[in-house]
Amino acid sequence: MAFNKTASLPGFDTAYQVSPNCKKYTLRDNGFVETRNKNFEFIRDLDTPNGESRRVKLKITINQTLDGLRISTVSPNGLQQVNITRLVNNEMAIEKASYLMENFVATSILEIVPQ
């Protein structure tokens, strides 16, 4: 799958792009891991209510030139895209995803694209 200049979480209205101030060391400091292809990948579980065996994951991939990205929420095995706004009892997952995205904006990894 190709990298895009802008991306957004499925079900959310806010679009993001990689900040021009983003540096590779900043990505590493914020939990991104360098892949074999020299891209940077961030994967975190989004909390779901107790008793639910599925844990949705937030997955952000930034390319090696730091000018393209992919953002998605995926199933536990990472193969299917999940829209967390359509899940039952989704408040905790939405809150955690929003917090993580706001943190990436605050640390100059991502910036919000004006619409």
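If you read the sequence from its start, that first residue is 1, and numbering goes on from there.
- Applying the side chain to side chain donor-acceptor pair (under 3.5 Å) test to pairs two or more places apart or on separate chains, those with a residue in residues 27-37 are R28-E34.
- Applying the ring-ring contact (aromatic ring centres under 6.0 Å, His included) definition to pairs two or more places apart or across chains, those involving residues 90-115 are F32-F104, F42-F104.
- Under the 3.5 Å distance criterion, the side-chain polar atoms of K96 are matched with a main-chain donor or acceptor of D45.
- No side-chain heavy atom of Y16 sits under 4.5 Å from any side-chain heavy atom of V113.
- Note on V82 and V74: separate hydrophobic clusters, where clusters join Ile, Leu, Val, Met, Phe, Trp and Tyr whose side-chain heavy atoms are under 4.5 Å apart, directly or indirectly.
- Between L58 and L100, some side-chain heavy-atom pair lies under the 4.5 Å cut-off.
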task: Could you please spell out the steps behind the side chain to side chain contact (heavy atoms under 4.5 Å, CB included) verdict for L27 and I62?
output: CA-CA 9 Å; L27 294 171; I62 298 177; 3.7 Å; yes
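- With sequence neighbours excluded, the residues forming a side-chain contact (heavy atoms from CB on, under 4.5 Å) with T61 are F3, N39, E41, K59, R70, listed by chain and number.
- Of the possible polar contacts, one joining the N63 side chain to the L66 backbone as a donor-acceptor pair under 3.5 Å is found.
- What you find for S8 and A15 is that their closest heavy atoms are CB-CA, 3.9 Å.
- Under the rule for a side chain to side chain donor-acceptor pair (under 3.5 Å), T14 has no partner lying at least two apart in sequence or in another chain.
- Among residues two or more places apart in sequence or in another chain, the side chain to side chain donor-acceptor pair (under 3.5 Å) test is passed with E111 by Q17.
- The distance from atom CG of L110 to atom CD1 of I60, rounded to the nearest 0.5 Å, is 6.0 Å.
- Evaluation of the salt bridge (Lys or Arg N to Asp or Glu O under 4.0 Å) test over residues 2-16, restricted to residues two or more places apart or in two chains, returns K5-D67.
- Residue pairs meeting the ring-ring contact (aromatic ring centres under 6.0 Å, His included) criterion with at least one member in residues 60-79: none, sequence neighbours excluded.
- Of all non-hydrogen atoms in Q81 and P10, the two that sit nearest each other are NE2-CG, 3.1 Å.
- For the pair C22/I109, a side-chain contact is recorded, criterion being any heavy-atom separation below 4.5 Å from C-beta on.
- With sequence neighbours excluded, no residue satisfies salt bridge (Lys or Arg N to Asp or Glu O under 4.0 Å) with K23.
- T6 and N4 form no side-chain donor-acceptor contact under 3.5 Å, judged by distance and modelled atom types alone.
- At least one side-chain heavy atom of L46 sits less than 4.5 Å from a side-chain heavy atom of I84.
- Panel note: side chain T107, backbone N103; a donor-acceptor pair is recorded below 3.5 Å.
- Under a hydrophobic clustering in which Ile, Leu, Val, Met, Phe, Trp and Tyr are joined whenever their side-chain heavy atoms come within less than 4.5 Å, directly or via other members, V18 and I112 fall into the same cluster.
- In this structure, the side chains of T73 and L9 come closer than 4.5 Å at one or more pairs of heavy atoms.
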